[in-house]
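Computation of the quantities below employed the complete heavy-atom set of this structure, encompassing side-chain atoms and omitting hydrogens, waters and symmetry-equivalent molecules.
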Amino acid sequence: MTVDEALSADRAGDLNRAASCYEDLLAAGVADLDSLLNLAVLYWQTTDPGIAAAQKLPPEFLAKAGE
């Protein structure tokens, strides 16, 4: 995964894929501060019930976002 892939998924509204890309970058140790902040904001936004419902996010994703 690359930062560009994460940003592209994020901008396209594919929050599940974007989060996965950001997580992969973090796990690989190549995430920059912007990627970390983007992931934090993405998880924060998805804890909103309206966004979670509109995106049809699975319970596992929401649990991780809530952590």
Side-chain angles (χ1 to χ4, degrees):
M1 295 294 153
T2 66
V3 173
D4 288 336
E5 288 175 291
L7 288 172
S8 180
D10 204 347
R11 289 182 184 132
D14 189 350
L15 303 182
N16 204 1
R17 177 161 167 66
S20 178
C21 289
Y22 289 130
E23 289 283 352
D24 289 348
L25 291 168
L26 285 169
V30 296
D32 58 3
L33 180 59
D34 285 341
S35 295
L36 179 60
L37 293 174
N38 286 347
L39 179 61
V41 169
L42 185 149
Y43 279 152
W44 175 72
Q45 289 175 326
T46 59
T47 61
D48 177 278
I51 292 174
Q55 290 285 322
K56 298 180 175 85
L57 297 171
E60 301 80 23
F61 181 93
L62 297 174
K64 187 166 191 170
E67 290 177 4

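The minimum heavy-atom distance between Arg17 and Ala9, with the atom names listed, is CG-CB, 3.9 Å. Closest heavy-atom contact between Leu26 and Leu39: CD1-CD2, 3.4 Å. Nearest heavy-atom pair across Ala18 and Asp10 is CB-N, 3.5 Å.
No side-chain heavy atom of Leu15 sits under 4.5 Å from any side-chain heavy atom of Tyr43.
Between Ile51 atom CD1 and Leu42 atom CG the span is 9.0 Å, to the nearest 0.5 Å. We find the CG-OG1 distance between Leu7 and Thr2 to be 8.5 Å, quoted to the nearest 0.5 Å.
Using a 4.5 Å cut-off between side-chain heavy atoms of Ile, Leu, Val, Met, Phe, Trp and Tyr, with links allowed through other members, Tyr22 and Val30 fall into the same hydrophobic cluster.
A donor-acceptor pair under 3.5 Å is absent between the side-chain atoms of Ser20 and the main chain of Asn16, judged by distance alone.
Side-chain contact check for Ser35 and Asp32: at least one donor-acceptor pair (N or O, by modelled atom type) lies under 3.5 Å.
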